[in-house]
Amino acid sequence: MGKAGRLSEGSDTLGFMVRIGAHVDQDDPLAHAAARDADVVQFFLGDPQGWKGPVMPASADAIRDSEVDVYIHAPYLINVATANNRIRIPSRKLLEGQLKAAASLGAKGLIVHGGHLNKDDDPQIGFDNWRKVFERMDCPIPVLIENTAGGGNAMTRRLDTIARLWDAATAGAQDPSKIGFCLDTCHAHAGGEDLIGIVDRVLAITGRIDLIHCNDSRDSFDSGADRHTNLGTGQIDPDQILTICRTANAPIVVETPSEGQADDIAFLRKHL
Ligand SMILES: [Zn+2]
């Protein structure tokens, strides 16, 4: 299918075209996209739990030429907020390397978690550290800061800290248009943010939602647990998920267990 996406088929619909896809294994992203009938793929460049630099997929040229939209998820270890130099400095370096690699693949954005501080740290340290990232880093493509489910003293679990982070980051940025936001439904629910009206509350802070991570949550509201599950099999009302997807007007990526992703995508296409 072409870049313009497809018209949705549901009856109660908006009629807008939304591009929908999945987080897939980096061994062959385009094959995984085809198997799921996905318009969009997200994957890692290398070990998501490692500090090594980006690893390009073997099919990089085909990915660049493909009509499938690409998003890259940065490694989980990146924590540019922390007061600990021995984590913050390699985190910045890794973020910059991932961003360059993602741009060279033609990715639309690089998703990174907000990070966290130690228990007794002043949150202002984290906001200042985020500001410094965008003061110094040249961004060829947008960095999409994602909300997280839990963690002590997390930077992007709650909207109040997201608001302060956003103000700090955009104030210092060489190019504020390169700072974007990725809203994860599982993380918002498990992180203790009410999903009703959340799109408007986020937009009031950021003015933009660049990507939806559309996941159900195995765990209860405000549990702080980050365990994704296929749509309709967890604790989130599917109607709330659909409302978020309808109102955000952004591309959608499911980060759900692989075997159910084709069904998750089909469910979204049917109802949006
Ligand atoms: Zn996510």
### Task
Begin with the C-alpha distance, continue with both residues' side-chain angles, and end with the deciding distance and a verdict on side-chain contact (heavy atoms from CB on, under 4.5 Å) for Arg164 and Met155.
CA-CA 9 Å; Arg164 293 178 66 190; Met155 301 303 296; over 6 Å; no
### Query
Hey, what's the ring geometry for Phe134 with Trp130, parallel, tilted or perpendicular (30° and 60° as the breaks)?
parallel
### Query
Testing Arg269, Lys270, His271 for side chain to side chain contact (heavy atoms under 4.5 Å, CB included) with Phe267, which one passes?
His271
### Query
Are Leu242 and Val253 co-members of a hydrophobic cluster defined by side-chain heavy atoms under 4.5 Å apart?
no
## Note on the structure
Rounding to 0.5 Å, atoms CZ (Phe221) and CD (Glu193) come to a distance of 7.0 Å
### Task
Evaluate the side-chain contact (heavy atoms from CB on, under 4.5 Å) criterion for residues Val143 and Met137: first the C-alpha distance (whole Å), next the side-chain angles of each, then the deciding distance (0.1 Å), finally the verdict.
CA-CA 10 Å; Val143 175; Met137 192 165 66; 4.0 Å; yes
### Query
When hydrophobic residues are tied together by side-chain contacts of less than 4.5 Å, even through go-betweens, does Leu105 share a cluster with Leu94?
yes
### Task
Measure the shortest side-chain to side-chain distance between Gln42 and Leu211 over non-hydrogen atoms and say whether it is less than 4.5 angstrom.
yes
### Query
Can you tell me if Gln26 uses its side chain to pair, donor with acceptor, with the backbone of Gly46 under 3.5 Å?
yes
#### Entry: Any donor-acceptor pair under 3.5 Å from Thr156 side chain to Glu146 backbone
yes
### Query
Can you find a heavy atom in the side chain of Tyr71 that is under 4.5 Å from one in the side chain of Cys182?
no
### Query
Looking at side-chain heavy atoms only, is the closest gap between Asp69 and Asp39 below 4.5 Å?
no
## Note on the structure
Closest heavy-atom pair, Ala101 versus Ser104, reported as atoms and distance to 0.1 Å, is O-OG, 2.8 Å
### Query
Once you round to the nearest 0.5 Å, how far does NZ of Lys132 lie from CG of Asp128?
6.0 Å
#### Entry: Note, Lys52 side chain near Asp47 side chain (heavy atom, < 4.5 Å)
no
### Query
Given the rule in the side-chain contact (heavy atoms from CB on, under 4.5 Å) test, do Ile265 and Asp37 qualify, once you have shown the distances and angles that lead to the verdict?
CA-CA 8 Å; Ile265 291 171; Asp37 195 15; 5.5 Å; no
### Task
State, yes or no, whether a side-chain contact exists between Leu45 and Pro57 at a heavy-atom distance under 4.5 Å.
yes
### Query
Side chains of Asp184 and Glu255: does their closest heavy-atom pair fall under 4.5 Å?
yes
### Query
Hey, are Arg246 and Asp239 close enough for a salt bridge, meaning a charged N less than 4.0 Å from a carboxylate O?
no
### Message
Name the residue from Arg157, His213, His113, His228 that meets the side-chain hydrogen bond (donor to acceptor under 3.5 Å, both in side chains) definition with His187.
### Response
His228
### Message
Assess the residue pair His23 and Phe44 against the criterion (ring pair (Phe, Tyr, Trp, His ring centres under 6.0 Å)); give the C-alpha distance rounded to whole Å, side-chain angles, the decisive distance to 0.1 Å, and a yes or no.
### Response
CA-CA 9 Å; His23 182 96; Phe44 296 115; 4.6 Å; yes
### Asn230/Asp264 under side-chain hydrogen bond (donor to acceptor under 3.5 Å, both in side chains): CA gap, chis, key distance, verdict
CA-CA 7 Å; Asn230 295 107; Asp264 289 337; 2.7 Å; yes
### Query
Between the side chain of Thr185 and the main-chain N/O of Asn215, is any donor-acceptor distance below 3.5 Å?
yes
### Message
To check you understand the geometry: which heavy-atom pair defines the closest contact between Pro54 and Gly97, and what is its length?
### Response
CG-O, 3.6 Å
### Task
Please report the closest heavy-atom contact between Cys245 and Leu272, naming both atoms and the distance.
CB-CD2, 3.7 Å
### pair Leu203-Thr247: side-chain heavy atoms closer than 4.5 Å
no
### Query
Salt bridge check: are Arg64 and Asp61 linked by an N-O gap of less than 4.0 Å?
yes
### Query
Quick check: does any side chain N or O of Asn153 sit under 3.5 Å from a backbone N or O of Asp121, one acting as donor and the other as acceptor?
yes
### Query
Taking atom CG of Asp167 and atom CD1 of Ile162, what is their separation to the nearest 0.5 Å?
12.0 Å
### Task
Look up atom CG in Asn84 and atom CD1 in Ile125, then write down how far apart they are to the nearest 0.5 Å.
11.5 Å
### Message
Using a 3.5 Å distance criterion without hydrogens, assess whether the side chain of Asp216 forms a donor-acceptor pair with backbone atoms of Thr229.
### Response
no
### Summary
In terms of heavy-atom contacts, Ala149 and Ala225 come closest through CB-O, 3.9 Å
### Summary
Smallest heavy-atom separation, Val202 atom then Leu183 atom, equals CG2-CD1, 4.3 Å
#### Entry: Main-chain N/O of Asp194 paired with Arg201 side-chain donor or acceptor, under 3.5 Å
yes
### Message
Using modelled atom types and a 3.5 Å cut-off, is there a donor and acceptor pairing between side-chain atoms of Arg158 and backbone atoms of Gly191?
### Response
yes
### Query
Short question: side chain of Arg208, backbone of Ser177 - any donor-acceptor pair under 3.5 Å?
yes
### Query
Donor-acceptor pair, His189 side chain versus Asp219 backbone, under 3.5 Å?
yes
### Task
Would you check if Leu268 and Cys214 make a side-chain contact, meaning some heavy-atom pair closer than 4.5 Å?
yes
### Task
Report yes or no: does Asn118 contribute a side-chain atom to a donor-acceptor pair with the main-chain N or O of Asp120 at less than 3.5 Å?
no
### Task
Start with the C-alpha distance between Arg36 and Ser258, add both sets of side-chain angles, then the distance that settles side-chain contact (heavy atoms from CB on, under 4.5 Å), and finish with yes or no.
CA-CA 9 Å; Arg36 290 159 180 74; Ser258 162; 3.1 Å; yes
### Query
What's the spacing between Glu96 CD and Cys139 SG if we round to 0.5 Å?
8.5 Å
### Query
Can you get from Leu99 to Met56 by hopping between Ile, Leu, Val, Met, Phe, Trp and Tyr side chains that sit under 4.5 Å apart?
yes
### Query
Are Leu144 and Ile252 connected, step by step, through hydrophobic side chains (Ile, Leu, Val, Met, Phe, Trp, Tyr) whose heavy atoms are closer than 4.5 Å?
no
### Query
What distance separates Lys93 NZ from Arg88 CZ, expressed to the nearest 0.5 Å?
15.0 Å
### Task
Provide the closest heavy-atom pair for Gly192 versus Asp222 in the form atom of the first, atom of the second, distance.
CA-OD1, 3.4 Å
### Message
Please determine whether residues Ile89 and Trp51 belong to a single hydrophobic cluster, defined as Ile, Leu, Val, Met, Phe, Trp and Tyr linked transitively by side-chain heavy-atom distances below 4.5 Å.
### Response
no
